[in-house]
**Q** 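Pasting a structure below so you can have a look.
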Amino acid sequence: MKICRVSVLAVFLLLASPSEAAEAPEPFGAVPTDQQVAWQRMEYYAFIHFGLNTYTGREWGYGNESPKLFRPDQFNASDIAATFRKAGMKGMIYTAKHHDGFCAWPTKTTGHNITKSPWKNGRGDVVKEFADACREQGIRFGTYLSPWDRNNAEYGRPGYLDVYYGQIRELLTLYGPIFEIWFDGANGGDGYYGGAKEKRSIGSADQYYNFEKIVSMIRELQPDCIIWGAGSRGDARWGGSEKGHVNYPHWSTVGSGGGGGGTGVRGGERWTPAEADTPINGAGWFWHPDQASKVKSLETLMDVWFDSVGRGANLILNVAADRSGRLDPADVSRLLEFKEARDQLYAKDFALGAAVKPTQVRGGDKRFSASNLTDGDIESYWAVEDDNLTPSAEITLPAPATFDVVRLREQIRLGQRVDSFTIEAFVDGKWIMIDNGGRTIGNQVLRRLKKPVTTGKIRLNITGSQATPCISELSLFRRPAPLAGPVIARKGADLRISAAGRSRIVYTTDGSEPNAGSPTYTPGKKFNRSGVVKARCVFSGGKLGPVSEASFGLCKTGWKVKSATSGSPAAALDDSETTFWQSKGAAPQSFTVDMGRPHKVTGFSYLPRQDASPEGMTDRYIFEVSRDGRSWTKAAEGEFSNLRANPIKLDVTFPAPHAGIRFFRFTAARAIEGSCVTAAEIDVLGE
């Protein structure tokens, strides 16, 4: 970091002419490289998970999947990259290799790659097509390369390292500029490992992979590439969850040992900002058949924006391709609605060009004038004397305005300095506090006010700093009035659709898109089968709101628990996410249910407990079905992956439907933590 600090100071000194009285503030603490600054100003880009898991329905492939499954007959990388560009994304990161070890490019390091796929007769290269499409569309291309390889026979041994280093070298030399490379944190466990079905551990990931060597290799091959992860040696870190939120305050600095999660470390030795990651829907990272019914609402995505980008982190939003190689239309529609909502938010900065009266300007030098706060230039900044840690500035707007969002930015090239701030507004002849909860600023912070404020004058008070503040921007925005989608739920056979306000709700149960002529929902409607319900609001003037979808399993009315090894399974059958079955002993544990009458069943779903505790979450399962409760058939057995980081509802589709099924047995074969097993809800899917 010393080299970066000297270079930043030199830039500021060169900009100063000999006649100017004040010197630029010294950089404080850890500061970003130029590459990190450019990366943080991207703010928002896409993740795209697309590989063998797309065809198996798994989130973490086991490693024994055949490359012949991969056959995306309608794949068009240009269409996908164009969609991301239209959605306002500045780039995309593709999962070139996930934990299953399948390489989506013709690598020379392993035979488990795309040359064994029938797609394009084994001559395809998804990485190349995405890299070329991104250049064509004017967005940046990045890649994800899982360190864990559940297919490679040498994984966990020294021989795997040459394989992995070779894969990194190929991706960084064959496909042009890579803006970011992702090293995931899942390392070791059960796998296929070239036919050896066993569990392998690696101890310290930093020592096994030798991330110091990997980082050195990347710096040599692509100096501008941002490294995500790599133990404590990367340029960016995980945001702490897979819900797209980071903590506030968010510090872009961490300790010398890395980590930091969604908060970081105040005054840390390394500049390593967080990246928030989340899928656009609740189906998982890879595509799943009922994905459209789980797309996140526009309100949820806007909350993610404020809690990630609005806290100084970057946001990487996952949009998975389906088995044909195209994006799900519901995901694309929501992506574009999300873009429109952000455009409306930023359409008018009411503080742009405002007059600013500060308590102090550094050396009286116009380069550090407080007017830099409202000039729209992210590089200019307001600065005061070194011993002034709590300056204030009064901002007179060009015209009185109504706003409910305040954006602030520090000049991060000089470090993250501010500890706390408040904002006041001049209303009815007196100053009132409109935000007294401001903590650090850093790259940027978007502060949502409790209610809109109308005024012609505000005051920014820096109430605490580690070093003299250097503030580059103050902006004022108004959030657009949301067009909310309804909330769809079911209790027994009772269909429950609700929305804020008094708008009319229209809905469908046949998979079609609801419109103004669709049936109007009224309380008491029934939906007693497996399927999808869609609904939307009709606002005044006939304007249609966004579509909400919900996918339901078989109606549970009349179901009875016939037996259980322990605990009360009724809590996993009550159509409530807040209750859960908890066994009284360690796995395996099971329960048997009589559904009351025969059904044609096609799969089941498991919802982990939703109270933020991983205890008892089931990552190994067995699901059996029976016509008479005596003779049983194993319909599915497998693994639920990534539960700790992403505890969402997980669907399992049977290889073939089972007809005439009245009974089922769910067995939790293993838990990720604790001496019990849990399940918030078990649903059975049917035709």
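Quick note: numbers below take in every heavy atom, side chains included, and nothing from hydrogens, waters or symmetry partners.
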**Q** Classify the side-chain pair Ser146/Asp184 by whether it contains a donor and acceptor separated by less than 3.5 Å.
**A** no
**Q** Got a donor-acceptor contact below 3.5 angstrom from the Glu549 side chain to the Ser293 backbone?
**A** yes
**Q** Give every residue pair that meets the ring-ring contact (aromatic ring centres under 6.0 Å, His included) criterion with at least one member in residues 239-264, sequence neighbours excluded.
**A** none
**Q** In terms of the angle between their ring planes, are Tyr507 and Tyr521 parallel, tilted or perpendicular, with boundaries placed at 30° and 60°?
**A** perpendicular
**Q** Please name all residues satisfying side-chain hydrogen bond (donor to acceptor under 3.5 Å, both in side chains) with Asp277, sequence neighbours left out, ordered by chain then number.
**A** Trp238
**Q** Donor-acceptor check, side chain of Arg237 to backbone of Gly261, threshold 3.5 angstrom: yes or no?
**A** yes
**Q** Check the orientation of Trp581 and Phe666. Use parallel for under 30°, tilted for 30 to 60°, and perpendicular for over 60°.
**A** perpendicular
**Q** Any side-chain donor paired with an acceptor under 3.5 Å for Gln466 and Gln416?
**A** no
**Q** Does one side chain, of Thr272 or Arg270, offer a donor that lies under 3.5 Å from an acceptor on the other?
**A** yes
**Q** Just do the salt bridge (Lys or Arg N to Asp or Glu O under 4.0 Å) check on Asp307 and Arg311 with the steps written out, would you?
**A** CA-CA 6 Å; Asp307 289 350; Arg311 291 176 174 175; 3.3 Å; yes
**Q** Keeping the roles fixed (side chain from Thr253, backbone from Ala30), state whether a donor-acceptor pair exists under 3.5 Å.
**A** no
**Q** Do you see a donor-acceptor pair shorter than 3.5 Å between the side chains of Thr463 and Ser420?
**A** yes
**Q** Give a yes or no on whether the ring-centroid distance for Tyr606 and Tyr621 is below 6.0 angstrom.
**A** no
**Q** Are any side-chain N or O atoms of Arg439 and backbone N or O atoms of Pro249, one a donor and one an acceptor, separated by less than 3.5 Å?
**A** no
**Q** With a 4.0 Å cut-off, would you call Arg233 and Asp206 a salt bridge?
**A** yes
**Q** Would Phe47 and Trp182 count as a ring-ring contact (aromatic ring centres under 6.0 Å, His included) if you check the C-alpha gap in whole Å, the side-chain angles of each, and the deciding distance to 0.1 Å?
**A** CA-CA 10 Å; Phe47 227 163; Trp182 245 73; 4.9 Å; yes
**Q** Spell out, as yes or no, whether a donor-acceptor pair under 3.5 Å connects the side chain of Thr300 to the backbone of Lys296.
**A** no
**Q** Would you say the side-chain atoms of Asn318 and His49 include a donor-acceptor pair closer than 3.5 Å?
**A** yes
**Q** With rounding to the nearest 0.5 angstrom, report the CD1 to CD1 distance, Ile423 to Ile434.
**A** 5.5 Å
**Q** Looking at Lys294, I want to see if its NZ is surrounded by more than 12 non-hydrogen atoms of other residues, nucleotides or ligands under 6.0 Å.
**A** yes
**Q** The test is salt bridge (Lys or Arg N to Asp or Glu O under 4.0 Å); show your working for Lys556 and Glu681 and say whether it passes.
**A** CA-CA 11 Å; Lys556 298 174 183 176; Glu681 205 69 21; 2.6 Å; yes
**Q** If the threshold is 4.0 Å, N to carboxylate O, is there a salt bridge linking Asp683 and Lys649?
**A** yes
**Q** Within the side chain of Glu65, is there an N or O that forms a donor-acceptor pair under 3.5 Å with the backbone of Tyr62?
**A** yes
**Q** Please examine the side chains of Leu408 and Gln444, heavy atoms only from C-beta on, and report whether any two atoms are closer than 4.5 Å.
**A** no
**Q** Has the side chain of Trp559 got a donor or acceptor atom that lies under 3.5 Å from a matching backbone atom of Cys555?
**A** yes
**Q** Does Glu337 pair with Lys339 as a salt bridge, N-O distance under 4.0 Å?
**A** no
**Q** Can you name the side chain to side chain contact (heavy atoms under 4.5 Å, CB included) partners of Lys584, sequence neighbours left out?
**A** Ser566
**Q** Could you walk me through whether Thr579 and Asp574 pass side chain to side chain donor-acceptor pair (under 3.5 Å), step by step?
**A** CA-CA 8 Å; Thr579 61; Asp574 60 359; 2.5 Å; yes
**Q** Regarding Trp39 and Tyr45, do their side chains bring together a donor and an acceptor under 3.5 Å, going by distance alone?
**A** yes
**Q** Please examine the side chains of Ile202 and Arg200, heavy atoms only from C-beta on, and report whether any two atoms are closer than 4.5 Å.
**A** no
**Q** In plain terms, say whether Asp435 and Arg447 are close enough for a salt bridge, that is, a side-chain N and a carboxylate O under 4.0 Å apart.
**A** yes
**Q** Show your reasoning for whether ring-ring contact (aromatic ring centres under 6.0 Å, His included) applies to Tyr44 and Trp305.
**A** CA-CA 9 Å; Tyr44 173 53; Trp305 183 263; 5.5 Å; yes
**Q** Taking Ser204's backbone N and O only, do any of them form a donor-acceptor pair with Gln207's side chain (distance below 3.5 Å, no angle check)?
**A** no
**Q** Side chain to side chain donor-acceptor pair (under 3.5 Å) for Arg665 and Thr592? Distances and angles first, verdict last.
**A** CA-CA 4 Å; Arg665 179 186 296 136; Thr592 302; 3.3 Å; yes
**Q** Ring-plane angle category for Tyr155 and Trp148, please: parallel below 30°, perpendicular beyond 60°, tilted otherwise.
**A** tilted
**Q** Contact between Glu275 and Trp228 at the side-chain level, heavy atoms closer than 4.5 Å - yes or no?
**A** yes
**Q** Is there a side-chain contact between Thr278 and Glu242, using heavy atoms and a 4.5 Å cut-off?
**A** no
**Q** So does Asp190 pair up with Arg620, basic N to acidic O under 4.0 Å?
**A** yes
**Q** Just checking, is any N or O donor in the side chain of Glu639 or Trp60 under 3.5 Å from an acceptor N or O on the other one?
**A** no
**Q** Please say whether more than 12 non-hydrogen atoms of neighbouring residues, nucleotides or ligands are located less than 6.0 Å from CZ in Arg342.
**A** yes
**Q** Looking at the rings of Tyr144 and Tyr94, which for Trp means the six-membered one, are their centres under 6.0 Å apart?
**A** no
**Q** Do the non-hydrogen side-chain atoms of Ser297 and Pro546 ever get within less than 4.5 Å of each other?
**A** no
**Q** Check Glu43 with Arg409, please: is the shortest side-chain N to carboxylate O separation under 4.0 Å?
**A** yes
**Q** With distance as the sole test, does Gln589 use its side chain to make a donor-acceptor pair with the main-chain N or O of Ala586 at under 3.5 Å?
**A** yes
**Q** Has Gln344 got more than 12 heavy atoms of other residues, nucleotides or ligands less than 6.0 Å from its CD?
**A** yes
**Q** Measure the shortest side-chain to side-chain distance between Phe552 and Val532 over non-hydrogen atoms and say whether it is less than 4.5 angstrom.
**A** no
**Q** Check Arg479 with Asp404, please: is the shortest side-chain N to carboxylate O separation under 4.0 Å?
**A** yes
**Q** Once you measure the plane-to-plane angle for Phe604 and Phe654, does it fall in the parallel (<30°), tilted (30-60°) or perpendicular (>60°) bin?
**A** tilted
**Q** Identify whether the distance between the nearest side-chain nitrogen and carboxylate oxygen of Glu577 and Lys491 falls below 4.0 Å.
**A** no
**Q** For the side chain of Glu59 and the backbone of Trp285, is there at least one donor-acceptor N/O pair under 3.5 Å apart?
**A** yes
